[in-house]
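One structure below.
First the proteins, then the strands, lettered A, B, ... as listed; each starts at 1. Computation of the quantities below employed the complete heavy-atom set of this structure, encompassing side-chain atoms and omitting hydrogens, waters and symmetry-equivalent molecules.
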Protein chains: 2
Amino acid sequence: MLKNSEFVSKLRNSGLRPTKQRLKICEVLFNRDKTFHFTINDLAKNIAENFNEKISLATIYNTVHAFKDKGYLKEITISSDKSYFDTNITKHHHFYDEDTNLLIDCNDNEIGKVNIKNNITGKKISSVEVLVRVASDTQNQD
Amino acid sequence: MLKNSEFVSKLRNSGLRPTKQRLKICEVLFNRDKTFHFTINDLAKNIAENFNEKISLATIYNTVHAFKDKGYLKEITISSDKSYFDTNITKHHHFYDEDTNLLIDCNDNEIGKVNIKNNITGKKISSVEVLVRVASDTQNQD
DNA sequence: AATTTATATTATAATCATTCTAAACTGTTG
DNA sequence: CAACAGTTTAGAATGATTATAATATAAATT
């Protein structure tokens, strides 16, 4: 739950001008108690339905990518045609429910630390992501 | 290193007619000592450059997807615009080298078993995938 | 081995998400 | 308030993937 003035500083601090559109998007994404997952399409729809002033699709794309580049969003890619953004930018893993197409955050109670015994020589690990796909017991397990 | 007749049975067994095009693609993909990663584009290029008879792009897409559906290929999605197919269909994880855009198979010497302590109620785990992104020490860690 | 049927391939067109363009607009600085 | 850089916008362009429907091929049937 952040205030408008906090979004203004947040944007300024990362070299992004606090425009009306960006602040609106910040409000939609970050003015909440809980983090969540969304697609560009979800976000565009959300804005179109809940606000009078519309934001151009190009701006929504630009802003989401700018926020991702600045580290305010993480992208979770499920398959070549399914990609979600996550407002939870802490290190964490995901369950993906193949029945509902929903992404669910894991915490340390659910997935233990991944033990990486050897890394590629001369390289540094930039991220470790675990995706656990789940489906109903009765469903085809693919 | 499989023979042509083995590909014929392999295809027949999964309800796919052993056409010239599918056998050619089998040869390119599976007639090797080591498994490997490729994109549709890589495969199309490979076929175009190394064989006289060309295979239509639509057929390449259809065949790769059919092989994936039948479990002869696995798809590894790196980001919304980068997706690889893997001829190694055993359970394993990957390193992704952000400098070279290459995918590297992990084995158990490199990543230990992922400890999933709790699963979503009523669901069955269909897969567990770990992706470790790596980059040069000197590079921006994103 | 000819006929029939179902399935596969092909070139091309269609689709659709994403990115580009360049004109208009806005936030910031002095 | 003027000047400038950065931003937004609608619409066009792009490009990967999928659809189409005519032709070809494999398999089943006679």
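- The interatomic distance linking B:Asn13 (CG) with D:dA27 (P) rounds to 13 Å, in whole Å.
- We find that CZ of A:Phe85 is positioned 12 Å from C1' of C:dA17, with the value rounded to whole Å.
- Here C:dT15 presents its C1' atom at 15 Å from CG of B:Leu57, a figure rounded to the nearest Å.
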TODO: Run the numbers on A:Ile116 and B:Val132 for side-chain contact (heavy atoms from CB on, under 4.5 Å), then give the verdict.
DONE: CA-CA 9 Å; A:Ile116 297 170; B:Val132 180; 3.7 Å; yes
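- For the residue pair B:Asp108 / B:His92, no side-chain donor-acceptor distance below 3.5 Å is found, with atom types taken as modelled.
- In this structure, B:Gln21 reaches the C:dT10 phosphate: one of its side-chain N or O atoms is under 4.0 Å from OP1 or OP2.
- OP1 and OP2 of C:dG27 both lie 4.0 Å or more from every side-chain N or O belonging to A:Arg22.
- In this structure, A:Thr59 reaches the bases: a heavy-atom distance under 4.0 Å links it to at least one base atom across the strands shown.
- In this model, the phosphate group of D:dT18 is approached by a side-chain N or O of B:His65 to a distance below 4.0 Å at OP1 or OP2.
- Using bins of under 30°, 30° to 60° and over 60° for the plane-to-plane angle, the ring pair B:Tyr84/B:Tyr96 lands in the tilted bin.
- Nearest-nucleotide mapping onto DNA chain D: of A:Lys20 and B:Arg12, the residue sitting toward the 5' end is A:Lys20.
- Look at CD1 on B:Ile60: it is 14 Å from C1' on C:dA8, rounded to the nearest Å.
- B:Ser83 and B:Glu75 are linked by a side-chain donor-acceptor pair at a separation below 3.5 angstrom, with hydrogens and angles left out of the test.
- Between B:Tyr61 and B:Arg17, the one whose closest nucleotide on DNA chain D sits nearer the 5' end is B:Tyr61.
- For the pair B:Asn62 CG and D:dT18 C1', the interatomic distance rounds to 9 Å; values are reported in whole Å.
- One finds a side-chain N or O of B:Lys54 lying less than 4.0 angstrom from the OP1 or OP2 phosphate oxygen of C:dA11.
- Of the residues near DNA chain C, B:Leu16 and A:Ser83, the one whose nearest nucleotide (by heavy atom distance) lies more toward the 5' end is B:Leu16.
- Between the NZ atom of A:Lys70 and the P atom of D:dG6 there is a distance of 12 Å, rounded to whole Å.
- At whole-Å resolution of the value, CG in B:Leu11 and C1' in D:dA26 are 13 Å apart.
- The phosphate of C:dA17 has neither OP1 nor OP2 within less than 4.0 Å of any side-chain N or O from B:Ser80.
- Each of B:Gly15 and A:Ala58 was matched to the nucleotide of DNA chain C holding its nearest heavy atom; the match closer to the 5' end belongs to B:Gly15.
- Atom P of nucleotide D:dA16 and atom OH of B:Tyr84 are separated by 14 Å, given to the nearest angstrom.
- A donor-acceptor contact closer than 3.5 angstrom links the side chains of B:Asp105 and B:His37.
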